[in-house]
Asks: 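Pasting a structure below so you can have a look.
In the text below, chain A, chain B and the rest are named by the order of the sequence lines, each starting its count at 1. Hydrogens, waters and symmetry mates play no part in the numbers below; they use all other heavy atoms, side chains included. In this text, all values refer to a predicted model and were calculated from it rather than measured experimentally.
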Number of protein chains: 2
Amino acid sequence: MGAVRGTEVEQFCDYLNRRGLKLTSQRMRIAETVFSAHRHFTSEELYTLVRRREPLVGRVTVYRTLEHLVRSGMVEELSIVKGVSTYEHTAGHVHHDHLVCDSCGRVEEFHSDPLEHAKRRAAEERGWRPDRHLLKIQGLCPDCLARAGSAGPKA
Amino acid sequence: MGAVRGTEVEQFCDYLNRRGLKLTSQRMRIAETVFSAHRHFTSEELYTLVRRREPLVGRVTVYRTLEHLVRSGMVEELSIVKGVSTYEHTAGHVHHDHLVCDSCGRVEEFHSDPLEHAKRRAAEERGWRPDRHLLKIQGLCPDCLARAGSAGPKA
DNA sequence: CTGCATGCAAATTATTTGCATTGAA
DNA sequence: TTCAATGCAAATAATTTGCATGCAG
């Protein structure tokens with residue numbers, strides 16, 4: 001089945017074991033691909049990436065494995081593009097949020113401690129136990145802002 | 001075309017005029033329905049609501065009008081349910097975020113000034129000009145938390 | 001062995017598009 | 001009048017499901 005590289009894939013194996021799910025070569029290959037991705041991806045993109053290495057993996061298996069990965073808490077679903085599910089792995093790095101440019105579509109990731117703190121407090125003050133969250137801030141990126149500034153205010 | 005009730009529908013009419021778009025009875029009826037909704041809704045739900053009053057409105061027109069409403073800034077799109085676009089009108093009330101329960105699916109709206117402030121700062125510190133944002137916090141609602149507590153920790 | 005996992009193909013769901021007709025300006 | 005808006009039906013796009021076969025445990 002090839003070397004299981006990195007702790008993240010192993011963690012996912014643990015998750016599968018704990019749930020009594022099977023360690024198949026497809027699941028391993030998909031997990032490897034997910035954890036070696038450095039950016040967010042859609043199901044279809046992941047499917048393409050996985051197939052480069054293992055053309056025998058079916059699209060359906062990618063969808064199903066993605067569900068397990070999300071349930072395991074190691075991958076989360078974003079809502080960056082309308083109508084398509086976008087994912088990214090969270091294992092091994094702190095939570096981050098997204099800035100999306102209305103003009104050029106650029107996506108920038110960021111992390112802010114005060115913001116994390118405010119989110120947690122807001123939920124807890126209302127009696128909730130926050131688990132994960134999704135923050136997308138839309139607006140203009142520095143470049144488009146500069147361009148808009150030099151060309152006069154937009155609209 | 002019936003009385004245009006409320007300022008919000010009028011604002012939308014202004015928007016249409018400014019863009020050289022036409023004020024049709026369908027658009028009015030859809031806008032009225034949107035602005036009298038007190039909760040978020042999906043395209044399909046809106047379509048159903050609109051048809052109660054005006055069975056002659058087509059689904060496609062609802063989708064297209066919703067686009068205009070979003071462009072006008074009076075309605076925003078949420079990502080509460082996977083795979084379906086959810087909307088709510090923002091005109092006339094302060095921005096709010098959403099708490100979504102992983103267990104029962106309940107959605108609670110909330111507003112937090114410190115959080116709004118932290119969001120704005122985080123974007124501006126990075127050179128962006130934030131326009132709107134979307135925050136969804138997932139976790140357990142007070143009820144499910146109590147239930148989980150009395151039944152022992154989940155998982 | 002035994003049953004869960006896979007993957008094809010078909011089904012579903014949400015949304016978009018082509019185009020003839022209608023109606024606002 | 002004149003062209004954009006409408007709405008049907010068909011087309012797409014993303015994702016899910018049914019089911020026979022394969023493989024991990």
Asks: Identify the residue among B:E116, B:K136, B:E108 that makes a side-chain contact (heavy atoms from CB on, under 4.5 Å) with B:D97.
Replies: B:E116
Asks: Among C:dA14, D:dT15, C:dT16, which nucleotide has an atom closest to any side-chain atom of B:V84?
Replies: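 Per side-chain heavy atoms of B:V84, the pick is C:dA14.
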Asks: If you apply the rule salt bridge (charged side-chain N to carboxylate O under 4.0 Å, His left out), what do you find for A:R132 with A:E76, and how did you get there?
Replies: CA-CA 9 Å; A:R132 38 193 68 262; A:E76 63 186 44; 2.7 Å; yes
Asks: Evaluate the ring planes of A:H68 and A:Y15, with Trp represented by its six-membered ring, and classify them as parallel (under 30°), tilted (30 to 60°) or perpendicular (over 60°).
Replies: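 Ring orientation, 0 to 90° scale: tilted.
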Asks: OP1 or OP2 of C:dT15 versus the side-chain N and O atoms of B:S43: is any pair under 4.0 Å?
Replies: yes
Asks: Can B:E32 and B:R29 be said to form a salt bridge (charged side-chain N to carboxylate O under 4.0 Å, His left out), step by step?
Replies: CA-CA 5 Å; B:E32 280 167 31; B:R29 195 49 60 99; 3.7 Å; yes
Asks: Check the distance between D:dG25's P and A:R19's CZ and give it to me in whole angstrom.
Replies: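 My rounded result for the distance is 17 Å.
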Asks: Under 3.5 Å, is there a donor-acceptor pair linking the side chains of B:T61 and B:Q26?
Replies: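 Distance-only check fails for B:T61 and B:Q26.
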Asks: Ring-plane angle category for A:H98 and A:H96, please: parallel below 30°, perpendicular beyond 60°, tilted otherwise.
Replies: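 Plane angle over 60°, so perpendicular.
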Asks: Whole Å only: how far is the CG atom of B:L16 from the P atom of D:dA5?
Replies: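 Those two atoms, CG and P, are 9 Å apart.
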Asks: Taking the nucleotide of DNA chain C with the closest heavy atom to each, which residue, B:G83 or B:V60, is nearer the 5' end?
Replies: B:G83
Asks: Rounded to the nearest angstrom, tell me the gap between atom CD in A:E67 and atom P in D:dA14.
Replies: 17 Å
Asks: Is any NZ, NE, NH1 or NH2 atom of the basic residue among A:R39 and A:E109 found under 4.0 Å from an Asp or Glu carboxylate oxygen of the other?
Replies: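 No.
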Asks: State, to 0.1 Å, how close B:A118 and A:L115 come at their nearest heavy-atom pair, and which atoms those are.
Replies: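 The answer is CB-CD1, 3.7 Å.
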Asks: For A:H111, give me all partners under ring pair (Phe, Tyr, Trp, His ring centres under 6.0 Å), at least two apart in sequence or on another chain.
Replies: none
Asks: For the pair made of CG in B:L66 and C1' in D:dT6, what is the distance, rounded to whole Å?
Replies: 16 Å
Asks: Measure from CG on B:L46 to P on C:dT15 and round the result to the nearest Å.
Replies: 12 Å
Asks: Rounded to the Å, how far apart are A:Y47 OH and D:dT15 P?
Replies: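 Going from OH in A:Y47 over to P in D:dT15 covers 14 Å.
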Asks: Please tabulate, one pair per line, each protein N/O and nucleotide N/O from nucleotides 2-6 of chain C that are separated by under 3.5 Å, including the distance.
Replies:
| residue | atom | partner | partner atom | Å |
| --- | --- | --- | --- | --- |
| C:dG3 | N2 | A:K22 | NZ | 3.0 |
| C:dC4 | O2 | A:K22 | NZ | 3.4 |
| C:dA5 | OP1 | A:R27 | NH1 | 3.4 |
| C:dA5 | OP1 | A:R27 | NH2 | 3.4 |
| C:dT6 | OP1 | A:T24 | OG1 | 2.7 |
| C:dT6 | O3' | A:Q26 | NE2 | 3.0 |

Asks: Would you mind reading off the distance between A:K82 atom NZ and C:dA14 atom P, rounded to a whole angstrom?
Replies: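 Atom-to-atom, A:K82 to C:dA14, this comes out as 13 Å.
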Asks: Taking CZ from B:R59 and P from C:dT17, how many angstroms apart are they, rounded to a whole number?
Replies: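 Those two atoms, CZ and P, are 16 Å apart.
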Asks: Nearest to the side chain of B:Y63 - C:dT15, D:dC8, D:dG25?
Replies: C:dT15
Asks: When the axes are fitted on five pairs at both termini, how much does the helix from C:dC1-D:dG25 to C:dA25-D:dT1 curve, in 10° steps?
Replies: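 Answer rounded to 10°: the end axes differ by 40°.
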